[in-house]
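Keep in mind that the numbers below use all heavy atoms, side chains included, and drop hydrogens, waters and symmetry copies. Not measured: the values here are computed from a predicted model. Sequence lines set the chain letters: A, B, ... in the order given, protein chains first and strands last, and positions in each chain run from 1.
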There are 2 protein chains.
Amino acid sequence: MTTLWERSRQVAVQAILDTAVRLFAEQGYEQTTIAQIAREAEVSQRSLFRYFGTKEDLVCGDQEALGELLKRTVEQQPAEMSAWDALRAGFEVILTANHPPERALELSRLIFDTPSLHARYIEKRLRWQAELVPVIRARLGNGSGRPAPDTQAKAIVATVFACIDTATELWATHDGRIDLADLYDQCLAAVRDHS
Amino acid sequence: MTTLWERSRQVAVQAILDTAVRLFAEQGYEQTTIAQIAREAEVSQRSLFRYFGTKEDLVCGDQEALGELLKRTVEQQPAEMSAWDALRAGFEVILTANHPPERALELSRLIFDTPSLHARYIEKRLRWQAELVPVIRARLGNGSGRPAPDTQAKAIVATVFACIDTATELWATHDGRIDLADLYDQCLAAVRDHS
DNA sequence: GCATTTCTGGCAGTTAATGCCAAGTAGGCG
DNA sequence: CGCCTACTTGGCATTAACTGCCAGAAATGC
């Protein structure tokens with residue numbers, strides 16, 4: 001622990017986060033101002049912006065860390081595993097590493113119901129996608145080769161995220177009563193199984 | 001023509017649009033302010049915001065109309081056509097109905113190079129997706145039925161858009177030298193063909 | 001032409017976000 | 001323990017995207 005600084009900072013961050021999520025749930029995202037959050041969490045507006053660069057980061061801020069985890073997990077899957085299975089393994093790890101399901105559900109609903117938040121969330125996801133493409137391309141048997149391997153990798157990654165997104169949205173609308181991994185498998189099956 | 005108002009409005013809108021795209025290309029999206037666009041297009045800032053609700057709409061504003069067209073086209077495909085083929089037909093129509101390829105290329109580059117624009121663009125597209133889901137669900141043979149038809153439809157639509165997005169990005173990075181429809185087919189093949 | 005409708009422009013205000021500087025606080029060192 | 005340095009915090013000013021309001025101009029209908 002590099003110091004007391006870091007600890008009190010953690011405390012402040014947590015207080016801000018709790019206040020923000022509570023206020024967002026109570027009054028909606030757009031109706032809640034940064035000033036109000038800062039006041040109730042007892043920090044200055046200026047510090048709040050130092051901890052969280054933007055208002056949106058209050059909701060989808062810790063995505064960065066998850067993206068790193070996802071990438072590392074996919075990289076570390078055995079080489080003979082298919083791109084699809086490796087990505088699915090990464091997805092699985094993220095699920096277990098996520099927030100307590102109670103809060104995850106609340107955050108998901110907030111994100112899917114608030115256009116500006118949804119956009120920012122997608123933006124972060126696009127960054128993950130870009131980082132995953134080289135990892136997936138390395139895993140593709142460069143045998144067939146008619147579709148350039150880059151095209152293949154991009155399409156696969158984009159599709160997986162589309163399915164994750166779809167599954168998450170369904171999961172949120174069903175109040176978390178259906179298993180998220182099951183929903184993901186159903187989505188992928190709908191796409192990949194030829195009837 | 002309901003009036004002279006409508007015509008001069010169209011002129012103003014076009015002037016704003018041209019100015020905006022030119023400035024965005026010259027200096028980048030974030031570095032261009034609304035004030036500058038309004039000044040150079042010779043309209044007041046206030047009117048600019050009346051024509052285009054947000055800065056982002058200057059770039060991806062006319063998506064609404066395309067979404068309508070897409071939906072209608074997909075609906076009108078013969079009933080025995082598969083969901084995949086119907087969506088592909090809709091995509092084809094949009095391609096031809098789009099801007100002159102010169103400007104389309106410029107806009108695509110802008111969107112894919114500017115994270116916040118890209119996110120907003122996808123968000124608008126998500127609205128199309130939601131509208132297409134019932135259309136696609138109606139087209140699914142409700143035979144198999146283990147994955148709820150709604151899940152199936154959502155996943156298929158999301159995947160098709162993911163492939164459109166990927167194809168468009170590749171098309172823009174190749175300066176439009178590769179046929180967009182070909183790229184789309186390659187993306188879909190990478191996803192659907194089991195090797 | 002004149003009243004009415006509709007649009008435009010300017011102005012003030014709100015909110016998110018950033019830079020700057022002064023003041024405070026923790027950590028290391030004699 | 002006291003002091004100096006490094007880092008952090010908070011307040012202030014500023015910018016940029018937007019919104020509401022109102023007065024005035026322009027177009028329309030009679």
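- For the ring pair (Phe, Tyr, Trp, His ring centres under 6.0 Å) test, no residue two or more places apart in sequence or in another chain qualifies with A:Phe52.
- Contacts between residues 110-118 of chain B and DNA chain D, defined by a heavy-atom separation below 4.0 Å, involve no residue at all.
- Looking at A:Arg127 and A:Glu131, no side-chain N of the basic residue comes within less than 4.0 Å of a carboxylate O on the acidic one, giving no salt bridge.
- Rounding to whole angstrom units, CD of residue B:Gln10 and C1' of C:dT8 are separated by 17 Å.
- Partners of B:Phe24 according to the ring pair (Phe, Tyr, Trp, His ring centres under 6.0 Å) rule, which considers only residues two or more places apart in sequence or in another chain, are B:Tyr29.
- Residues passing the side-chain contact (heavy atoms from CB on, under 4.5 Å) test with B:Glu30 are B:Thr114, B:Ser116, sequence neighbours excluded.
- Annotation for B:Glu102: atom CD does not count as buried by contact number, only 12 or fewer foreign heavy atoms lying within 6.0 Å.
- Remark: A:Phe49 engages no residue in a ring pair (Phe, Tyr, Trp, His ring centres under 6.0 Å) (not counting sequence neighbours).
- Put simply, CZ on A:Arg120 is 11 Å from C1' on C:dA17, counting in whole angstrom units.
- B:Phe52 places its CZ atom 19 Å from the C1' atom of D:dA16, with the value rounded to the nearest Å.
- Among residues two or more places apart in sequence or in another chain, the side-chain hydrogen bond (donor to acceptor under 3.5 Å, both in side chains) test is passed with A:Glu68 by none.
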request  = Summarise how protein sits on nucleotides 20-30 of chain D as a single string, 5' to 3': B when a protein heavy atom is under 4.0 Å from the base, S for sugar-phosphate-only contact, - for no contact.
outcome  = BB----BSS--

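- Among residues two or more places apart in sequence or in another chain, the ring pair (Phe, Tyr, Trp, His ring centres under 6.0 Å) test is passed with A:Phe112 by A:His118.
- Summarising the geometry of A:Thr166 relative to B:Ala155, their closest heavy-atom pair is CG2-N, 4.0 Å, with the distance given to 0.1 Å.
- Near DNA chain D, meaning a heavy atom under 4.0 Å from it, residues 25-39 of chain A has no residue at all.
- Taking atom CG of B:Leu58 as the reference point, atom P of D:dC18 lies 9 Å away to the nearest angstrom.
- Residues passing the side-chain contact (heavy atoms from CB on, under 4.5 Å) test with B:Asp179, sequence neighbours excluded: B:Ala181, B:Asp182.
- Five base pairs at each end of the helix from C:dG1-D:dC30 to C:dG30-D:dC1 define two local axes, and these are offset by 10° (rounded to 10°).
- As rounded to whole Å, 18 Å separates atom C1' of D:dT19 from atom NZ of B:Lys55.
- B:Glu106 pairs by the side-chain hydrogen bond (donor to acceptor under 3.5 Å, both in side chains) definition with nothing, not counting sequence neighbours.
- B:Asp57 places its CG atom 10 Å from the P atom of D:dT19, with the value rounded to the nearest Å.
- Atoms CD (B:Gln45) and C1' (D:dT19) sit 12 Å apart, rounded to a whole Å.
- B:Asp57 CG to B:Arg120 CZ: the interatomic distance, rounded to the nearest 0.5 Å, is 8.5 Å.
- The shortest distance between the side-chain N/O atoms of B:Tyr51 and the OP1/OP2 oxygens of C:dT8 is below 4.0 Å.
- We find that CG of A:Leu48 is positioned 15 Å from P of C:dT15, with the value rounded to whole Å.
- Ion pairing between a basic and an acidic side chain is recognised when a charged N comes within 4.0 Å of a carboxylate O; A:Asp62 and A:Lys124 show no such pairing.
- The backbone N or O of A:Asp165 lies less than 3.5 Å from no partner atom in the side chain of A:Arg125, so there is not a single donor-acceptor pair.
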